[in-house]
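Note sheet for the following structure.
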Amino acid sequence: MIPQQYLDMLGAKSVIRTLSEWAAARGAEIGYDNVFDYSLGNPSVPCPPQFTETMIHLLRTARPVELHGYSPSLGIASVRAAVAESLNRRFGMNYGPEHIFMASGAAGAIAHALRCVANPGEEVVVMAPFFPEYKPYIEGAGLKLHIVPPRVEDFQVDLAAFEAALGPQTAAVLINTPNNPSGAAYSSETLTSMADILKRASAKYGRHIFLISDEPYREILFGGRQINYPAKFYDDTLTCYSFSKSLSLPGERIGYVAVNPAAEQADKMVPVCGQISRGTGHNCPPSIIQLAVAQCLELTSDLSVYEKNMELIYAELKRLGFTVVKPDGTFYIFPKALEEDSNAFCQKATRYDLVLVPGDTFGCPGYFRMAYCIDTDKVRRSFAALERFVHEEYRR
Ligand code: PLP
């Protein structure tokens with residue numbers, strides 16, 4: 001018999017996927033060009049040509065038996081060394097190859113990180129608004145999700161609420177900066193205060209509360225901002241990275257866990273990830289993809305379109321009277337809906353072929369997300385529909 005747990009999930013499918021399927025079906029009717037689909041965070045720019053060239057070169061020159069063979073269970077040694085060196089150079093860390101575990105995207109990295117630091121039944125604290133898949137990631141590992149309410153003024157962290165959320169059952173805190181869906185990148189003040197709170201709570205409860213930092217958007221920052229690297233602020237940090245967004249490779253399923261060498265039991269974490277893989281059925285990402293990203297670690301796709309789209313959308317939303325925090329990065333924006341029920345708001349938007357995602361799914365009702373990883377031309381064309389929607393439904 002299928003366990004009830006999974007049958008229940010069928011009834012609570014991803015809202016984002018459902019909306020994106022609606023957009024595709026509507027596109028089949030009226031032409032996808034006429035559907036203003038802001039639902040899915042699928043990069044809209046190609047990977048850098050160097051990645052493609054590296055893949056071709058590998059295919060032409062490397063020995064097929066190695067190129068298509070099993071990777072060592074923790075990742076290819078030269079790739080782990082290259083990742084460690086790149087992180088050390090960029091963020092002033094001191095990772096060795098032994099601190100890097102190659103994983104299948106951020107999803108695979110988080111699956112391992114959670115299981116490394118938490119026993120079944122313990123809690124993982126998450127700040128709203130958060131990526132909806134955190135719920136299945138956490139509950140699928142037998143853990144409990146504990147949500148901290150949002151600080152909607154700027155989508156930094158409500159520090160008092162954060163401190164109150166930590167207790168004897170807290171094994172880890174899962175953060176995401178810059179954030180999907182708000183676009184906010186945590187300031188150094190936020191990260192310093194969170195680290196102080198985590199240290200106090202760890203001492204109080206007699207355990208190391210781990211920080212799991214999910215960073216797929218680390219390179220997508222606007223206005224020349226630099227990321228505040230969370231592991232620099234707190235020793236007990238496992239960084240989960242993905243090349244899905246920075247190199248536009250979501251289908252290749254490639255990322256890693258980087259364990260701060262100063263973390264408790266740091267030397268055991270990566271070997272333990274290898275053991276966790278045996279139980280989850282996750283084996284290392286394909287050898288060829290590991291080898292190819294290792295040669296593109298400090299490259300990105302041309303990410304400039306996301307900033308251009310953000311500026312256009314932000315200005316238009318302000319002009320139409322929305323309350324909205326200007327994103328620091330990512331390709332998402334998270335404005336306040338024009339009625340309390342953001343599900344109803346997003347439902348009405350579909351009458352104008354606008355596909356917006358209600359905030360409820362991110363733990364933040366009353367708001368909605370727009371993923372602007374789409375062509376700038378389409379962004380511009382969507383404004384007439386947005387204006388009609390606002391005027392006709394809300395008389396603004
Ligand atoms: N974490 C966040 C915040 C995301 O937005 C996503 C994907 O959209 C993921 C994790 C999963 O990324 P990946 O494709 O690398 O598994």
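Note that ligands are numbered from 1 as they come in the structure, with each ligand's atoms numbered from 1 the same way.
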Verify the cluster assignment for Val124 and Val117: are they in a single hydrophobic cluster under the rule of side-chain heavy atoms below 4.5 Å apart? yes
Taking every heavy atom of His99 against every heavy atom of Val270, the minimum-distance pair comes out as C-CG2, 3.5 Å
Donor + acceptor pair across side chains of Asn260, Tyr234 (<3.5 Å): no
Distance under 4.0 Å to a non-hydrogen atom of Tyr137: what atoms of ligand 1 satisfy this? 11 (C)
N/O separation below 3.5 Å, Ile110 to ligand 1: no
closest protein heavy atom to atom 12 (O) of ligand 1 is Ala106 CB, 3.6 Å
Going by ring pair (Phe, Tyr, Trp, His ring centres under 6.0 Å), Phe362 matches just one of Phe130, Phe368, Phe334, Phe131. Which one? Phe334
Are any of the N/O atoms in Asn180 less than 3.5 Å from those in ligand 1? yes
Would the number of heavy atoms belonging to other residues, nucleotides or ligands and lying under 6.0 Å from NZ of Lys336 be above 12? no
Atoms in ligand 1 with a heavy atom of Ser244 nearer than 4.0 Å: 13 (P), 14 (O), 15 (O)
From OH (Tyr186) to CG (Asn228), nearest 0.5 Å: 12.5 Å
Could you find the nearest protein heavy atom to atom 16 (O) of ligand 1 and give me its residue, atom name and distance? Arg253 NH2, 2.7 Å
Suppose I only count heavy atoms of Asp214 and a 4.0 Å limit; which atoms of ligand 1 are within that range? 1 (N), 2 (C), 3 (C), 10 (C)
Close-contact set for ligand 1 against Asn176 heavy atoms, below 4.0 Å: 3 (C)
If I take atom CD from residue Glu392 and atom CZ from residue Arg388, how far apart are they, to the nearest 0.5 angstrom? 5.5 Å
Report, in ascending order of atom number, the atoms of ligand 1 lying under 4.0 Å from any heavy atom of Lys245. 7 (C), 8 (O)
Can you name the atoms of ligand 1, numbered from 1 with element, that are less than 4.0 Å from a heavy atom of Phe131? 1 (N), 2 (C), 3 (C), 4 (C), 5 (O), 6 (C), 7 (C), 8 (O), 9 (C), 10 (C)
Measure across Gly223 and Glu307 and return the closest heavy-atom pair with its distance rounded to 0.1 Å. N-OE2, 2.9 Å
Short list, please: which atoms of ligand 1 are under 4.0 Å from a heavy atom of Ser242? 13 (P), 15 (O)
Step through the shown structure and confirm whether more than 12 heavy atoms of other residues, nucleotides or ligands are within 6.0 Å of CD on Gln347. no
Minimal heavy-atom distance between Val325 and Val152, with the atoms involved, is CG2-O, 3.7 Å
Check for me whether Pro216 has a heavy atom closer than 4.0 Å to any atom of ligand 1. yes
Counting only heavy atoms, tell me which of Tyr217, Phe331, Tyr241 gets closest to atom 4 (C) of ligand 1. Tyr217
Of the side chain and backbone of Glu133, name the one, both, or neither that has a heavy atom under 4.0 Å from an atom of ligand 1. neither
Any heavy atom of Phe243 under 4.0 Å from ligand 1? The part involved is neither
